Amino acid sequence: MKILAVQTVITISPQNAAGFIKRGGIVAFPTETVYGLGADVFDEAAIARIFEAKQRPQDNPLIAHVATKEQIQELATDITESAERFIRGFFPGPLTVVLEKSSKVPLTATAGLDTIGVRMPRGELAQRFLAACGVPVVAPSANVSGRPSPTTWRAVAEDLDGRIDCILQGEATEIGLESTVVDCTGEVPVLLRAGAVSLAELQAVVPGTVVYEASDLDIVRSPGMRHRHYSPGAKVVLINYELPITNYELDRVAYIGLRTPETQSLPLPVLTRVCSSVEEYAHQLFEFFRECDRLKIHTIYCEEVPETGIGAALMDRLRRASER
Ligand code: TXA
Ligand code: MG
């Protein structure tokens, strides 16, 4: 598809960035998870431009971002008891709740689904931007589909410069992985995507919450999870954290993990990133993948982590990146 080039304005002013949304434009903005690419939830033409700019598959629904809890009423008809508890417990924060959508929300936003994902970011710049927009803003991650989500404004520019109207320039994002997504439309909440809010934290608020398990008979609950994601150009190889780290390939390799790799008998990786905690690892991962692509790395060795806390989300992204 041919995309008409536009001038991408880079600004540090949330008011300036919100002006583009009000005029029907598409704007990348930082949240505490990753940068999003936003449009007015009620503007179908702008939403169509998001799909075009990202080259996003048409069947992948968008998350609506709100500045206030009142805005949730505009988006959803039935705020279930479980959703209410999650909203009370985790908004603003890195959690998306899926609810029955209201008739005001166009189907272009939800890729034809009768549900909508809603989230209230806690990042200060995101909150000022959303407040200035005055409407809920639908936003997928601000990367070209299939690439790692952007955690810096430079990563956004790398993928989308000349395809979007504006980038709201902020710091590197705090968490670095996308939000937890939980479907609250049924009797029992279903965790669709792991994120910084862990299953245990959700269960502390609604004990029955379960993890989604795909079965052939089931309808696809979270279409985005079908698509290839979070992938650098390099091959990603996972290393078990209980085993010694050896067996490197010799050429153009990189390493990221919590431990220093044992490289006595082998050449040093071109790029080595030893992280001080699982949180730091999550924070660094996507930008590290992009850095590896810039350096034309062939193989990235990623150390596995225990699947507790944000470790579950990190392992989810690592597994997806290692699938070919
Ligand atoms: O942290 C985040 O969630 C970031 C920031 C920008 O908010 N956004 C983000 O959006 O990661 P995106 O589009 O890259 O991923 C959205 C995920 C997809 O897996 C999608 O299928 C799922 O959320 N999703 C969105 N709406 C849904 C719905 N109505 N039902 C089920 N899954 C939904
Ligand atoms: Mg995405």
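Please read all numbers here as calculations on a predicted model, not as lab measurements. When a ligand or atom number is given, it counts from 1 through the structure's own listing order.
For ligand 1, the atoms closer than 4.0 angstrom to any heavy atom of P140 are 10 (O), 12 (P), 13 (O). Applying the 4.0 Å criterion to heavy atoms of E178 picks out, from ligand 1, the atoms 1 (O), 2 (C), 11 (O). Close approach of ligand 1 to R193 is summarised as follows: ligand atoms under 4.0 Å from at least one heavy atom of the residue are 2 (C), 3 (O), 9 (C), 11 (O), 15 (O), 16 (C), 17 (C). Each of the following atoms of ligand 1 lies closer than 4.0 Å to a heavy atom of L62: 26 (N). Shown in contact with N60 at under 4.0 Å from a heavy atom are these atoms of ligand 1, numbered in order with element: 18 (C), 20 (C), 21 (O). In summary, the atoms of ligand 1 found under 4.0 Å from a heavy atom of G36, numbered by their order in the structure, are 6 (C). The contact set between ligand 1 and I116, taken as ligand atoms under 4.0 Å from a residue heavy atom, comprises 29 (N). Near H65, with a cut-off below 4.0 Å to any heavy atom, the atoms of ligand 1 are 5 (C), 6 (C), 7 (O).
Backbone and side-chain nitrogen or oxygen atoms of T96 are examined, and none is located within less than 3.5 angstrom of a nitrogen or oxygen of ligand 1. Between T31 and ligand 1, a contact under 3.5 Å exists for no N or O pair. Backbone and side-chain nitrogen or oxygen atoms of S141 are examined, and one is located within less than 3.5 angstrom of a nitrogen or oxygen of ligand 1. At least one N or O atom of R119, backbone or side chain, sits closer than 3.5 Å to an N or O atom of ligand 1.
In summary, no N, O or S atom of S145 is located under 2.8 Å from the Mg ion (ligand 2).
F42 carries K104 over the face of its six-membered ring, with the cationic atom under 6.0 Å from the centre and within 45° of the normal.
Distances from atom 27 (C) of ligand 1 to the heavy atoms of A28, P61, A64 put P61 nearest.
Under a 4.0 angstrom heavy-atom cut-off, L192 registers as being in contact with ligand 1. Using 4.0 Å as the threshold, R56 has a heavy atom nearer than that to some atom of ligand 1.
Results of the side-chain contact (heavy atoms from CB on, under 4.5 Å) test with T151 over T33, L177, T173 single out T173 as the only residue that passes.
Annotation: the span from I21 atom CD1 to F129 atom CZ amounts to 4.0 Å, rounded to 0.5 Å.
Under a 3.5 Å cut-off, the side chain of K296 and the backbone N or O of A234 do not form any donor-acceptor pair. Side-chain N or O atoms of Y255 include none that pairs as donor or acceptor with a backbone N or O of E303 at under 3.5 Å.
A salt bridge between R122 and E174 is present, with a side-chain N of the basic residue lying under 4.0 Å from a carboxylate O of the acidic one. Salt bridge present: E32 and R119 bring a charged side-chain N and a carboxylate O closer than 4.0 Å. Ion pair D165/R49 flagged as a salt bridge, since at least one NZ, NE, NH1 or NH2 atom sits closer than 4.0 Å to an Asp/Glu carboxylate oxygen. Taking the charged nitrogens against the carboxylate oxygens, R154 and E291 have no contact shorter than 4.0 Å, which rules out a salt bridge.
By the criterion of a heavy-atom distance under 4.0 Å, both the backbone and the side chain of T115 are placed next to ligand 1.
Dense packing is recorded around CG of L107, with more than 12 heavy atoms of other residues, nucleotides or ligands lying under 6.0 Å away. Counting heavy-atom neighbours within 6.0 Å of E171 CD, excluding the residue itself, gives a total of 12 or less.
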